[in-house]
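Below you'll find the structure, written out as C-alpha cells, and then a few comments.
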Amino acid sequence: AETIVISQSSTAGSLAIAGDAIFRFCPSDKIEGAAMAATISKNGFKGLVTVARDDAGNKGLQSSTGAAFTAKGGQTIAINPYATTLTDYTSVVASIKSQLNTLIAAYGADKSGVYLASFDEGIEIFKLAAADPVLSGVKWFGGDGVVLSTAFISNAVVAEFVIKTGFFAPSFGLPVSTEAKWKPIASLIRSKTGIEPDAFALAAYDALWTIAYTIEANNGSTDGFAKLKSLFVEQANAYSGIIGAGALDAAGDRADGTFDYFSIIKEGGSYVWKLVGKSGG
C-alpha cells in the first residue's frame, strides 16, 4: 500500500522532491542555509570558506549556505566534505587555512569567515584551528548539528575558540508571534516529561492536527491515496498551527522558518550555550 510520510525533524535537502509522499513540517536545509547566508552577508562578510561532514544533512547545509552567500554577492570557496570515518583532521584544517588565506588577501580577515556543517567531531577541527593564529583570527559559523552539544562546552580549548571567533549556529526556533499558542502546550509536555520541547517536537503537534483535519476532510476515511495527498497539502496550507503557518513549498516541505542562533559563553566558571539572536519570522 502507498503511504504518506510526515516528518517533524528531517531537514536534508536531498529529500526536497516535488510530487513524492514525504511531507516535512520543519524547514529544509535550503531555508536554514538562506537564513545563515543572509545573516553572514548582513554582517559585512565578503568571503566564506565552507566545509562539511560527508553526510546528506551537512553536505546540504554546506551547498545551500554557500549558494545563498554567493547569491548575496559574496565569494564562496567550498572544501570537499570530509569522510565520516576520519579521525585526523590535520589535512582538513590545512585546506581551510589555504582557502581562507586566498579570501583574506582579497577582502581582509575582518570580512572573511569559515562555515562548518558538522556534528560533535567539529571539536577536533576547532582544537587544531585554535592553535593557528590565522584560523583563530576570523569569524566562524556553524550548522544546526552542533547546537547545544555538550562536546563543545566540555572542552575549554574548544569553548574558548567559539567565544574568540564569535561562532554561532542555528536551530529551528519557535516564533514569538505564536507564543500564546505554543507556550501552554510546551508547558504541558514539560510537566509530563521533564523535558523542554523544542520547535521540532512542537511541529509534531501541528502535523498530527493536520492529519486529523485531512481525514475529516475525506469524510473520516483514509481511502484514496491521491486524494489524501492532495487534501493533506490543502489542510497544511490552510492550518495556522501553534508554531506558525504550516504552508508547504513545491516539494512538500515547510516553506519558511524562524531560527534561533546559539553561541557559548562563560558563566560562573563553566561554559554554557546561550541564545544570542533570531532570524526569520
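Between atom OG of residue Ser279 and atom CD1 of residue Ile31 there is a gap of 11.0 Å, rounded to the nearest 0.5 Å. The structure places CG of Leu48 at 9.5 Å from CD1 of Ile77, a figure rounded to the nearest 0.5 Å. Going from atom NZ of Lys227 over to atom CD of Glu234 covers 10.0 Å, rounded to the nearest 0.5 Å. Atom CG in Asn43 sits 9.0 Å away from atom NZ in Lys139 (nearest 0.5 Å). The distance from atom CD of Glu124 to atom CG of Leu86, rounded to the nearest 0.5 Å, is 10.0 Å. Taking CD1 of Ile22 as the reference point, atom CG of Asp253 lies at 9.0 Å (rounded to 0.5 Å).
No close placement of the Phe167 and Phe141 rings is indicated, their centers lying 6.0 Å or farther apart. Residues Phe232 and Phe23 place their aromatic rings such that the two centres sit under 6.0 Å apart.
By the rule that hydrophobic residues join a cluster once side-chain heavy atoms approach within less than 4.5 Å of another member, Phe172 and Leu174 end up as members of one cluster. Under the 4.5 Å side-chain heavy-atom criterion for Ile, Leu, Val, Met, Phe, Trp and Tyr, Phe119 and Ile153 are members of distinct hydrophobic clusters. A single hydrophobic cluster is not seen to contain both Phe45 and Leu103; linkage of ILVMFWY side chains at heavy-atom distances under 4.5 Å, directly or through other members, places them apart. Hydrophobic cluster membership differs between Ile4 and Leu231, with clusters built from Ile, Leu, Val, Met, Phe, Trp and Tyr side chains linked at under 4.5 angstrom. At a threshold of 4.5 Å between side-chain heavy atoms, the hydrophobic network of Ile, Leu, Val, Met, Phe, Trp and Tyr places Leu128 and Ile163 in one connected group.
Phe161 places none of its side-chain heavy atoms less than 4.5 Å from the side chain of Lys164. Annotation: side chain of Asp206 is not in contact with side chain of Leu202 (no heavy-atom distance under 4.5 Å). When side chains are defined from C-beta on, Val114 counts as touching Leu100, because their heavy atoms get closer than 4.5 Å. Residues Thr222 and Ile215 have side chains in contact (heavy-atom distance under 4.5 Å, counting atoms from C-beta outward). For the pair Asp260 and Pro170, the minimum side-chain heavy-atom distance is 4.5 Å or more. Annotation: side chain of Lys181 is in contact with side chain of Ser240 (closest heavy-atom distance under 4.5 Å). Put simply, the side chain of Leu116 reaches to within 4.5 Å of the side chain of Ile125, judged on heavy atoms. The shortest side-chain heavy-atom distance between Arg254 and Asp256 falls under the 4.5 Å cut-off.
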side-chain hydrogen bond (donor to acceptor under 3.5 Å, both in side chains) between Ser221 and Asn219, worked out
CA-CA 6 Å; Ser221 169; Asn219 300 315; over 6 Å; no

Test side chain to side chain contact (heavy atoms under 4.5 Å, CB included) on Ser171 and Leu148 and set out the steps.
CA-CA 9 Å; Ser171 182; Leu148 305 182; over 6 Å; no

Between Tyr205 and Trp209, does the side-chain hydrogen bond (donor to acceptor under 3.5 Å, both in side chains) criterion hold? Intermediate values first, please.
CA-CA 6 Å; Tyr205 179 93; Trp209 272 107; 3.3 Å; yes

For a side-chain hydrogen bond (donor to acceptor under 3.5 Å, both in side chains) check, start with the C-alpha distance between Thr70 and Thr76, then their side-chain angles and the critical distance, and finish with the verdict.
CA-CA 6 Å; Thr70 302; Thr76 304; 3.0 Å; yes

Step by step, would you call Ser263 with Val162 a side chain to side chain contact (heavy atoms under 4.5 Å, CB included)?
CA-CA 7 Å; Ser263 190; Val162 166; 3.8 Å; yes

With side-chain hydrogen bond (donor to acceptor under 3.5 Å, both in side chains) as the test, would you mind laying out the steps for Gln75 and Tyr107 before giving the verdict?
CA-CA 10 Å; Gln75 182 184 348; Tyr107 310 109; 2.8 Å; yes

How far apart are the C-alpha atoms of Tyr271 and Lys266, what are their side-chain angles, what is the distance that settles it, and do they pass the side chain to side chain contact (heavy atoms under 4.5 Å, CB included) test?
CA-CA 4 Å; Tyr271 299 104; Lys266 196 169 189 180; 3.7 Å; yes

Intermediate values then yes/no, ring-ring contact (aromatic ring centres under 6.0 Å, His included), Tyr82 and Tyr89:
CA-CA 9 Å; Tyr82 55 83; Tyr89 293 85; 5.4 Å; yes

Side chain to side chain contact (heavy atoms under 4.5 Å, CB included) between Ile79 and Thr50, intermediate numbers included:
CA-CA 6 Å; Ile79 287 170; Thr50 65; over 6 Å; no

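The residue from Phe152, Phe126, Tyr115 that alone fulfils the ring pair (Phe, Tyr, Trp, His ring centres under 6.0 Å) condition with Trp140 is Phe126.
In terms of modelled atom types and a separation under 3.5 Å, the side chain of Glu196 and the main chain of Arg190 share no donor-acceptor contact. In terms of modelled atom types and a separation under 3.5 Å, the side chain of Ser7 and the main chain of Ser10 share a donor-acceptor contact. The backbone N or O of Ala94 lies less than 3.5 Å from no partner atom in the side chain of Ser98, so there is not a single donor-acceptor pair. Lys30 places no side-chain N or O within 3.5 Å of a backbone atom of Ala16 that could act as its donor or acceptor partner. Under a 3.5 Å cut-off, the side chain of Asp29 and the backbone N or O of Glu32 do not form any donor-acceptor pair. The closest donor-acceptor contact from the side chain of Asn218 to the backbone of Thr214 lies at 3.5 Å or more, if one exists at all. One N or O on the side chain of Ser63 and one on the backbone of Gly60 form a donor-acceptor pair closer than 3.5 Å. Counting only distance, with no hydrogens or angles, the side chain of Arg53 and the backbone of Asp55 share no donor-acceptor pair below 3.5 Å. When atom types are taken as modelled, the side chain of Lys97 and the backbone of Val92 share no donor-acceptor pair closer than 3.5 angstrom. A donor-acceptor pair under 3.5 Å links the side-chain atoms of Asp198 to the main chain of Phe200, judged by distance alone.
When all heavy atoms of Arg24 and Leu248 are compared, the pair lying nearest together is O-CD2, 3.8 Å. Between Cys26 and Gln8, the shortest heavy-atom contact is CB-O, 3.6 Å. Closest approach of Ser136 and Thr165 over heavy atoms only: O-CG2, 4.0 Å. Residue Thr178 comes nearest to Gly241 through the heavy atom pair CG2-O, 4.5 Å, listed as atom of the first residue, atom of the second, then distance. Contact record, Thr65 with Met36: CG2-CB, 4.3 Å, taken as the closest heavy-atom pair. Shortest non-hydrogen contact noted between Ala117 and Leu61 is CB-CB, 4.1 Å.
Using a 4.0 Å cut-off between charged nitrogen and carboxylate oxygen, Glu2 and Lys229 do not count as a salt-bridge pair. Remark: Asp54 engages Lys59 in a salt bridge, criterion side-chain N to carboxylate O under 4.0 Å.
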